[in-house]
K.L.:
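Please find one structure pasted underneath; my questions will follow.
Only this structure's heavy atoms are used, side chains among them; waters, hydrogens and symmetry mates stay out. If you read the sequence from its start, that first residue is 1, and numbering goes on from there.
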Amino acid sequence: MPRGGTFNLLVGGPKANWPEDLTQITGTWIGVDRGTLRLIDQNIQPVAAIGDFDSLQEPELQLVRRNVKDVRSAQAEKDFTDTQMAVMVAFRDYHAERVDIYGATGGRLDHFLANLFLVLEPQYKRYAGQIRLIDRQNTISFFLPGQYTIHKEADKQYLAFVPLTPIDHLTLSDEKYQLHDEPIPYAISFASNEFVGATGTFKFDTGLLCVIQSCDTYEAHHD
């Protein structure tokens, strides 16, 4: 059983939001519900399949069980998403050092919001800095108080700093639009920004901060 390192989760969102070639992504894969079938179709062997599998027909479910050793089924009537369950399994049982979630941003809005805000729940919050939601257009990361340097990804020139809880003393020192020791007393999307160079730095004292790197269009990845 693989342990540690980066675990990649593929969920059931639209294929158009996936990275262009899943096989080029390093790390260990976990399939989330229908995402498991998509990994099998891409000739990627997931170490686990997690979900209620309510969208799968019986032949599809049998295919999952033949190809994946660790299959964990949940009741469809539950108070959490399949993705939340998979995140916890990756950290708790596989001791992941980071979890990257693919396909979670372009499908149903209720699922996306649940996955975006899972880091606010007590059982996930301690892992917030190790979770990312990734699609072709956006990389969404979460940060606990501290000082950070982030690297600009290809084509993702734009930055957004979104407090998920009140933030104290936010400083953006080398982005296009700078802030210095700014208090943000309530959660609001307040700061759109841009990289000036290959990296950006920021720091803050309290709260939970969401940082989004993005490009304007999907076409930017093909120019």
Side-chain angles (χ1 to χ4, degrees), residues 1-136 139-142:
M1 176 185 293
R3 297 166 69 88
T6 298
F7 276 69
N8 307 309
L9 276 54
L10 185 65
V11 304
K15 186 176 181 179
N17 279 3
W18 300 357
E20 292 184 19
D21 189 353
L22 296 178
T23 64
Q24 296 301 306
I25 298 172
T26 59
T28 303
W29 284 94
I30 291 177
V32 182
D33 202 77
R34 181 163 289 276
T36 311
L37 289 177
R38 294 175 171 181
L39 289 173
I40 293 170
D41 185 63
Q42 296 283 311
N43 294 316
I44 297 172
Q45 182 66 48
V47 297
I50 296 167
D52 54 35
F53 304 109
D54 59 347
S55 65
L56 272 62
Q57 300 297 319
E58 185 60 29
E60 295 174 320
L61 187 54
Q62 292 303 321
L63 179 64
V64 168
R65 289 172 174 161
R66 287 197 303 270
N67 283 274
V68 184
K69 292 182 178 180
D70 185 2
V71 178
R72 307 195 189 192
S73 299
Q75 295 296 322
E77 299 84 4
K78 58 186 184 299
D79 295 326
F80 50 87
T81 69
D82 296 334
T83 305
Q84 289 172 301
M85 179 179 174
V87 168
M88 185 53 65
V89 167
F91 283 121
R92 182 190 62 204
D93 298 347
Y94 286 92
H95 303 282
E97 296 169 14
R98 191 176 79 191
V99 171
D100 290 341
I101 307 172
Y102 295 89
T105 57
R108 286 172 47 182
L109 183 59
D110 58 332
H111 286 180
F112 166 62
L113 291 176
N115 295 329
L116 178 65
F117 292 122
L118 72 87
V119 294
L120 293 172
E121 299 182 24
Q123 64 267 42
Y124 300 98
K125 190 172 182 179
R126 60 183 168 143
Y127 300 117
Q130 301 160 263
I131 297 171
R132 298 189 302 180
L133 308 179
I134 302 174
D135 61 33
R136 292 189 187 184
T139 297
I140 303 173
S141 305
F142 306 94

K.L.:
Heavy-atom distance under 4.5 Å between the side chains of T23 and N43, does that happen here?
P.N.:
no

K.L.:
Verify side chain to side chain contact (heavy atoms under 4.5 Å, CB included) between L56 and L37, making sure each step is shown before the conclusion.
P.N.:
CA-CA 9 Å; L56 272 62; L37 289 177; 3.9 Å; yes

K.L.:
One thing to verify: whether D93 and R72 come together as a salt bridge, which I'm taking to mean a side-chain N less than 4.0 angstrom from a carboxylate O.
P.N.:
yes

K.L.:
Just do the side chain to side chain donor-acceptor pair (under 3.5 Å) check on T81 and N115 with the steps written out, would you?
P.N.:
CA-CA 8 Å; T81 69; N115 295 329; 3.3 Å; yes

K.L.:
Where do F142 and A128 come nearest, in terms of heavy atoms and distance?
P.N.:
CB-O, 3.4 Å

K.L.:
Considering non-hydrogen atoms only, spot the tightest contact between D54 and D52 and give its length.
P.N.:
OD1-OD1, 2.7 Å

K.L.:
Which of parallel (below 30°), tilted (30 to 60°) and perpendicular (above 60°) describes F7 and Y94?
P.N.:
tilted

K.L.:
Please round to the nearest 0.5 Å and tell me the distance separating atom CZ of R65 and atom CD of E60.
P.N.:
12.5 Å

K.L.:
Find the distance between CD1 (I140) and CG (D100) and round it off to the nearest 0.5 Å.
P.N.:
12.0 Å

K.L.:
Counting only N and O atoms by type, is there a donor-acceptor contact under 3.5 Å from the side chain of Q24 to the main-chain atoms of D21?
P.N.:
no

K.L.:
Is there a donor in the side chain of T28 and an acceptor in the side chain of N8, or the other way round, less than 3.5 Å apart?
P.N.:
no

K.L.:
Please name the pair of heavy atoms, one in V64 and one in A49, separated by the smallest distance, quoted to 0.1 Å.
P.N.:
CG1-CB, 3.8 Å

K.L.:
So does L63 get a backbone contact from the side chain of N67, meaning a donor-acceptor N/O pair under 3.5 Å?
P.N.:
yes

K.L.:
Checking the side chain of Q130 only, and the main-chain atoms of E97 only, is there a donor and an acceptor separated by less than 3.5 Å?
P.N.:
yes

K.L.:
Keeping the roles fixed (side chain from Y102, backbone from D135), state whether a donor-acceptor pair exists under 3.5 Å.
P.N.:
no

K.L.:
Distance from Q57 atom CD to Q62 atom CD, nearest 0.5 Å?
P.N.:
12.5 Å

K.L.:
Check the pair Q84, Y124 against side chain to side chain contact (heavy atoms under 4.5 Å, CB included), reporting the backbone distance first and the verdict last.
P.N.:
CA-CA 9 Å; Q84 289 172 301; Y124 300 98; 3.3 Å; yes

K.L.:
For T6 and T26: C-alpha separation, side-chain torsions, deciding distance, then whether side chain to side chain contact (heavy atoms under 4.5 Å, CB included) applies.
P.N.:
CA-CA 8 Å; T6 298; T26 59; over 6 Å; no

K.L.:
Which residue in the set L10, V87, I50 passes side chain to side chain contact (heavy atoms under 4.5 Å, CB included) when paired with I30?
P.N.:
I50

K.L.:
Give the minimum heavy-atom separation between L9 and A86, together with the two atoms involved.
P.N.:
CD2-CB, 3.5 Å

K.L.:
Between the side chain of E121 and the main-chain N/O of L118, is any donor-acceptor distance below 3.5 Å?
P.N.:
no

K.L.:
If I take atom CG from residue L61 and atom OG from residue S73, how far apart are they, to the nearest 0.5 angstrom?
P.N.:
6.5 Å

K.L.:
For a quick test of reading the model, state the closest non-hydrogen atom pair linking A90 to V99 and the distance between them.
P.N.:
CB-CG2, 3.8 Å

K.L.:
Does the pair V11 and D33 meet the rule for a side chain to side chain contact (heavy atoms under 4.5 Å, CB included), with working shown?
P.N.:
CA-CA 7 Å; V11 304; D33 202 77; over 6 Å; no

K.L.:
Do the side chains of F112 and F117 get nearer than 4.5 Å, heavy atoms only?
P.N.:
no

K.L.:
When rounded to the nearest 0.5 angstrom, what is the spacing between OH in Y127 and CE in M88?
P.N.:
5.5 Å

K.L.:
Roughly how far, to the nearest 0.5 Å, is the CZ atom of R132 from the CD1 atom of I101?
P.N.:
11.0 Å

K.L.:
What is the minimum heavy-atom distance between W29 and L22, and which atoms define it?
P.N.:
CZ2-O, 3.7 Å

K.L.:
Decide yes or no for F91 and R126: does some side-chain heavy atom of the first lie under 4.5 Å from some side-chain heavy atom of the second?
P.N.:
no

K.L.:
Check this for me: E58, atom CD, are more than 12 non-hydrogen atoms of other residues, nucleotides or ligands nearer than 6.0 Å?
P.N.:
yes

K.L.:
Does a side-chain heavy-atom distance below 4.5 Å link V47 with D70?
P.N.:
no

